[in-house]
Amino acid sequence: MAEFNGSSTLSRSVAQLLETSEDPAAIAALLPGCEALHRTDAEHIEGRLATEVAGIPVTAAVSVRRTVEALADGAARLHLRLKVRPDIGGHAVVAAIIDLAPVASDASATDASWRASSELDPMLAVMAGQRVEEFLRASMQRLIEGLGAAR
């Protein structure tokens with residue numbers, strides 16, 4: 001299991017970020033190689049991706065689970081869980097807790113800080129553990145920071 005943290009000031013309000021995080025098309029555009037996602041229920045979206053991990057072509061099913069907690073003073077906690085199931089078998093998961101707080105001096109900006117961890121099943125860990133974990137870390141960071149740039 002790998003853990004990572006990050007933070008960024010995003011150029012959108014908390015409400016805009018939460019709205020974008022609920023849009024399957026916006027999420028698909030932020031995941032490398034993902035052409036489309038569709039909603040399966042209020043918390044889940046699913047689809048497929050075709051990408052490269054360390055130069056190796058990978059096709060996989062992908063699912064995203066999203067939940068939100070309202071916090072005090074207009075802040076929110078966004079939970080994102082990304083699960084990738086490569087066609088060769090196995091699965092990899094990265095889960096992030098993202099705290100979103102309005103910037104006091106700019107109502108259209110949000111301070112985001114996150115902590116995340118990834119987990120691979122034993123088969124993927126043996127085959128390409130470090131490369132897959134780096135892919136997951138980069139994908140989650142791109143997803144979080146991309147929410148601030150999506151329109």
Side-chain angles (χ1 to χ4, degrees), residues 1-53 58-104 106-121 124-125 129 131-151:
M1 175 164 35
E3 295 184 3
F4 55 94
N5 302 315
S7 63
S8 184
T9 299
L10 304 175
S11 61
R12 300 186 78 211
S13 70
V14 171
Q16 289 171 318
L17 293 168
L18 293 176
E19 182 180 332
T20 301
S21 74
E22 192 171 25
D23 179 6
I27 299 299
L30 296 170
L31 292 175
C34 188
E35 292 183 14
L37 294 170
H38 62 276
R39 183 162 305 286
T40 58
D41 63 39
E43 292 182 359
H44 296 90
I45 55 178
E46 294 182 349
R48 293 203 45 86
L49 61 84
T51 190
E52 286 189 4
V53 176
V58 174
T59 56
V62 62
S63 62
V64 179
R65 179 175 185 247
R66 173 202 174 270
T67 58
V68 176
E69 291 177 63
L71 302 176
D73 301 322
R77 180 166 289 147
L78 176 61
H79 297 258
L80 291 177
R81 181 178 180 268
L82 172 66
K83 184 173 185 176
V84 179
R85 294 174 308 282
D87 292 347
I88 62 169
H91 68 271
V93 176
V94 60
I97 297 172
I98 307 131
D99 289 328
L100 303 169
V103 173
D106 183 358
S108 65
T110 299
D111 284 328
S113 61
W114 59 89
R115 50 199 182 283
S117 62
S118 60
E119 188 173 309
L120 310 179
D121 75 359
L124 281 180
R131 292 177 292 199
V132 172
E133 285 185 336
E134 176 55 27
F135 172 80
L136 293 173
R137 185 203 61 73
S139 294
M140 184 58 79
Q141 183 162 337
R142 178 179 167 169
L143 178 58
I144 294 166
E145 291 179 346
L147 292 173
R151 295 285 176 214

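Quick caveat, the model's predicted, so the values are computed rather than measured. Worth knowing before you read on, the calculation uses all heavy atoms, side chains too, and leaves out hydrogens, waters and symmetry mates. Sequential numbering from 1 along the given sequence is applied to the chain's residues.
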Q: Testing the basics here: between Arg85 and Ser63, what is the closest heavy-atom pair and its distance to 0.1 Å?
A: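 Residues Arg85 and Ser63, closest heavy atoms: NH1-OG, 3.4 Å.
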
Q: What are the two closest heavy atoms between Pro86 and Ala60, and how far apart are they?
A: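 Closest heavy-atom pair between Pro86 and Ala60: CA-CB, 3.5 Å.
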
Q: Kindly compute the distance separating CG (Leu78) from CD1 (Ile144), expressed to the nearest 0.5 Å.
A: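 The CD1 atom of Ile144 is 8.0 Å from CG of Leu78, to the nearest 0.5 Å.
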
Q: List in chain and number order the residues that pass side chain to side chain contact (heavy atoms under 4.5 Å, CB included) with Asp41, two or more places apart in sequence or in another chain; answer none if no residue qualifies.
A: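 Listed in chain order: Glu43, His44.
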
Q: Nearest 0.5 Å, what's the CD-CH2 distance between Glu145 and Trp114?
A: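 If we round to the nearest 0.5 Å, Glu145:CD and Trp114:CH2 are 4.5 Å apart.
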
Q: How far does CZ of Arg65 sit from CD of Glu46, to the nearest 0.5 angstrom?
A: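 The CZ atom of Arg65 sits 13.0 Å away from the CD atom of Glu46.
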
Q: Taking the side chain as every heavy atom from C-beta outward, state whether Leu82 and Leu143 have any atom pair closer than 4.5 Å.
A: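 Not touching, per the 4.5 Å side-chain cut-off.
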
Q: What are the two closest non-hydrogen atoms of Thr51 and Pro32, and how far apart are they?
A: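 That would be CB-O, 3.7 Å.
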
Q: Leu136 versus Leu120: any side-chain heavy-atom pair under 4.5 Å?
A: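 Counting from C-beta outward, Leu136 and Leu120 do come under 4.5 Å.
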
Q: What closest approach, in Å, do Thr59 and Ala50 show between heavy atoms, and which atom pair accounts for it?
A: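 Closest approach of Thr59 to Ala50, heavy atoms only: CG2-CB, 4.0 Å.
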
Q: Is the shortest side-chain heavy-atom distance between Ile98 and Leu17 below 4.5 Å?
A: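 SC-SC contact between Ile98 and Leu17 ruled out.
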
Q: Got a donor-acceptor contact below 3.5 angstrom from the Asp111 side chain to the Ala101 backbone?
A: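 Not at all, since once roles are kept as given, no pair shorter than 3.5 Å links the two residues.
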
Q: Please confirm whether the backbone N or O of Ser7 pairs with a side-chain atom of Ser113, one donor and one acceptor, at under 3.5 Å?
A: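 No, the answer is negative, given that no donor and acceptor are paired below the 3.5 Å cut-off.
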
Q: Is the side chain of Arg48 donor-acceptor paired with the backbone N or O of Glu35 at a distance under 3.5 Å, no angle test?
A: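 No: the side chain of Arg48 does not pair with the backbone of Glu35.
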
Q: Arg142 side chain to Leu30 main-chain N or O, any donor-acceptor pair under 3.5 Å?
A: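 Side chain of Arg142 to backbone of Leu30, a donor-acceptor pair under 3.5 Å: yes, one is there.
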
Q: Could you check if a side-chain atom of Ser8 sits within less than 4.5 angstrom of a side-chain atom of Gln141, using non-hydrogen atoms only?
A: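 In short, these two side chains do not touch, never coming nearer than 4.5 Å.
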
Q: Locate the shortest heavy-atom distance separating Leu71 from Asp99; write the atom from each residue and the value.
A: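 In terms of heavy atoms, the two residues are closest at CD1-OD1, 4.3 Å.
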
Q: Under the side-chain contact (heavy atoms from CB on, under 4.5 Å) criterion, do Val93 and Arg81 qualify, and how do the steps go?
A: CA-CA 7 Å; Val93 176; Arg81 181 178 180 268; 3.7 Å; yes

Q: Quick one: closest heavy-atom pair of Ile27 and Leu147, and the distance?
A: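 Heavy atoms only, the tightest pair is CD1-CD2, 4.0 Å.
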
Q: Could you list all the side-chain hydrogen bond (donor to acceptor under 3.5 Å, both in side chains) pairs where at least one residue sits in residues 66-75, not counting sequence neighbours?
A: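 Of all non-adjacent pairs touching residues 66-75, those that pass side-chain hydrogen bond (donor to acceptor under 3.5 Å, both in side chains) are Ser21-Arg66, Glu69-His79.
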
